[in-house]
Amino acid sequence: MNKLWLNFALNAPQIHSDVDEEMDLIHALLDAVDIHQTLTKNSLDLAAAFDLLIAAEYYKSVVHSGWVYCPSDDQPLLLYPYTNICPRCILKGKFEYHPANKPGSSGIGNATSKLLPLFIKTLLERNGKKVEIRKGIEPVDVFFIDRSTLPVTVFAAEIKASPLVTLPLAVISERMIEMGEGDEVAKHHSPSDLTQLFKARLFIYVPSQQVENVWSGKLYELGTKENPNDKFWSYRGIRQLVADRTFFSDYCSFWYAAFNSYEQKAANSVFWFTNACGQPVPRPDNWKRRRKGQGFESVSDSKSSVGMDRTDDIKKGIYQVLKISSEGKQPFPSAQDETSTMSEDFNLKVGIISNIHAVRHFEDYLKPLVDIVWTRENSRQIHTVADLDSSKPVFNLFDGIITLTQTLSRDDWVSSYFSFS
DNA sequence: ACCACGGTTCGGATTGGGCA
DNA sequence: TGCCCAATCCGAACCGTGGT
């Protein structure tokens, strides 16, 4: 039963980016947000920008397989989608199944739980705050440390990060033909390898609204992945792209629409680009069945939810903050602890950090809990606060839930420190 | 250096609640 | 009642860490 994590919070290793490309992209994204936000004043820009950072991470692992050949329009494309459909056909209202290209769980978890703290740190620093982020241990993911207060304030955070959308990659293809009944015919919509991946001109496919609810894809050039070891091609590409105001403005318009449809489960074709969009409606006759059972594939499973919106994750997060608070804010006195000297005195705050607030599940899963305060008391005779020793401290279940889209705070320090604008 | 361990995310399988 | 889908349960794959 040690509380090492508490004693070493101030001395834990600092989190830093070991590659320039990451910090370069973060700054470029925040520059783009600054410029765009002065025009639109839309509070979603930060979260939209963060999705591009995750996208850069996803695009790292693009491979030759997993592309879909889409012959429609005058320009055939090979597309590399991140939900289970052809992204171009869906904009015409047609569900054309093709498996999504989510990278494996392993690397991505680590990357995002580092990228979100770095993104927030950079953001706060650009607003003139001094920020230290340190690697948490045991139940804590990351510590945010504010040394401008006395005593020092330490925010112990549980991190949950997951993108709303990852836009498909695209390459321009020549029109393909195949053998039909003894004659060559135009190749139809089908899975295909991109045999010339390296040095191919890779684009991001951005849905752009023509007229009310009519969308069509625009291609923005990202650049090239030079060879298998070219890990940061997408970081370079997106950094250059976001300097283009047209791109960022188009992208944000799309992202707002996607966010709205995610929130309302609206009947909008860009809805099908968002994670956790569920089953296609109406389901086409030839829609793919699941491997087992009589169910059908989804476009994107409700489990692959957005931000902190996965139900399992909310529950896990609440347990974590409760455990951290209980151990950290009101330590059990024990002989062992008396002898161990706390390296420094600090004020502990506890909360959850995510890219996007719990849009769908706040009402059912979080709202009933937000106003809970607690204390530890082993008497069974407590029925009102008056039964408690009046000097007994009482704590918040969490001091804040900080996300790029919305901050829920129950603490003055949290409110002022994590104000993003 | 190696290994065992626990933590991460993702996604397949199962459960169960709401609705026709 | 039976069907459908989101919620939940659980395991795979993988990573970092701490002990030997």
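Every heavy atom of this structure was used, including side-chain atoms; hydrogens, water molecules and symmetry mates were not.
Contacts of A:R360 with the nucleic acid, taken as non-hydrogen atoms under 4.0 Å apart, are absent. Looking at heavy-atom distances under 4.0 Å, A:D312 makes contact with a base.
Between A:Y319 atom OH and B:dT8 atom P there is a gap of 12 Å when expressed in whole angstrom units. Straight-line distance from the CZ atom of A:R310 to the C1' atom of C:dC10: 11 Å, rounded to whole Å. When the P atom of C:dA6 is taken as reference, atom CD of A:E363 falls 19 Å away, rounded to whole Å.
Picking from B:dC10, B:dT9, B:dT8 the nucleotide with the shortest atom distance to the side chain of A:K316 gives B:dT8. Distance from the side chain of A:D141 is smallest to B:dT8 among C:dT8, B:dC10, B:dT8. Closest approach to the A:K160 side chain among B:dT9, C:dA7, C:dC9 is made by B:dT9 (side chain taken as heavy atoms from C-beta onward). With distances taken from any side-chain atom of A:K135 to the nucleotides C:dG16, C:dA7, B:dC10, the minimum falls on C:dG16.
For the pair A:R360 and A:Y262, the distance from NZ or CZ to the six-membered ring centre is under 6.0 Å and the angle to the ring normal is within 45 degrees.
Nearer the 5' end of DNA chain C, as judged by each residue's closest nucleotide, is the contact made by A:Q279, out of A:K315 and A:Q279. DNA chain B is contacted by both A:D301 and A:S162; A:S162 maps to the nucleotide lying nearer its 5′ end (nearest heavy atom per residue). Both A:P280 and A:T311 sit near DNA chain C, but only A:P280 has its closest nucleotide nearer the 5' end.
Electrostatic pairing of A:D141 and A:K114 does not count as a salt bridge here, judged by no charged N lying under 4.0 Å from a carboxylate O.
Proximity of A:H361 to the phosphate of C:dA7: a side-chain N or O atom is located under 4.0 Å from OP1 or OP2. The side chain of A:Y365 contributes an N or O atom lying less than 4.0 Å from OP1 or OP2 of C:dT8.
When every heavy atom of A:L366 is checked against every heavy atom of A:A358, the shortest pair comes out as CD1-CB, 3.8 Å.
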Requested in this report: Would you check, one step at a time, whether the test ring pair (Phe, Tyr, Trp, His ring centres under 6.0 Å) holds for A:F155 with A:F143?
Outcome: CA-CA 5 Å; A:F155 185 84; A:F143 296 110; 9.9 Å; no
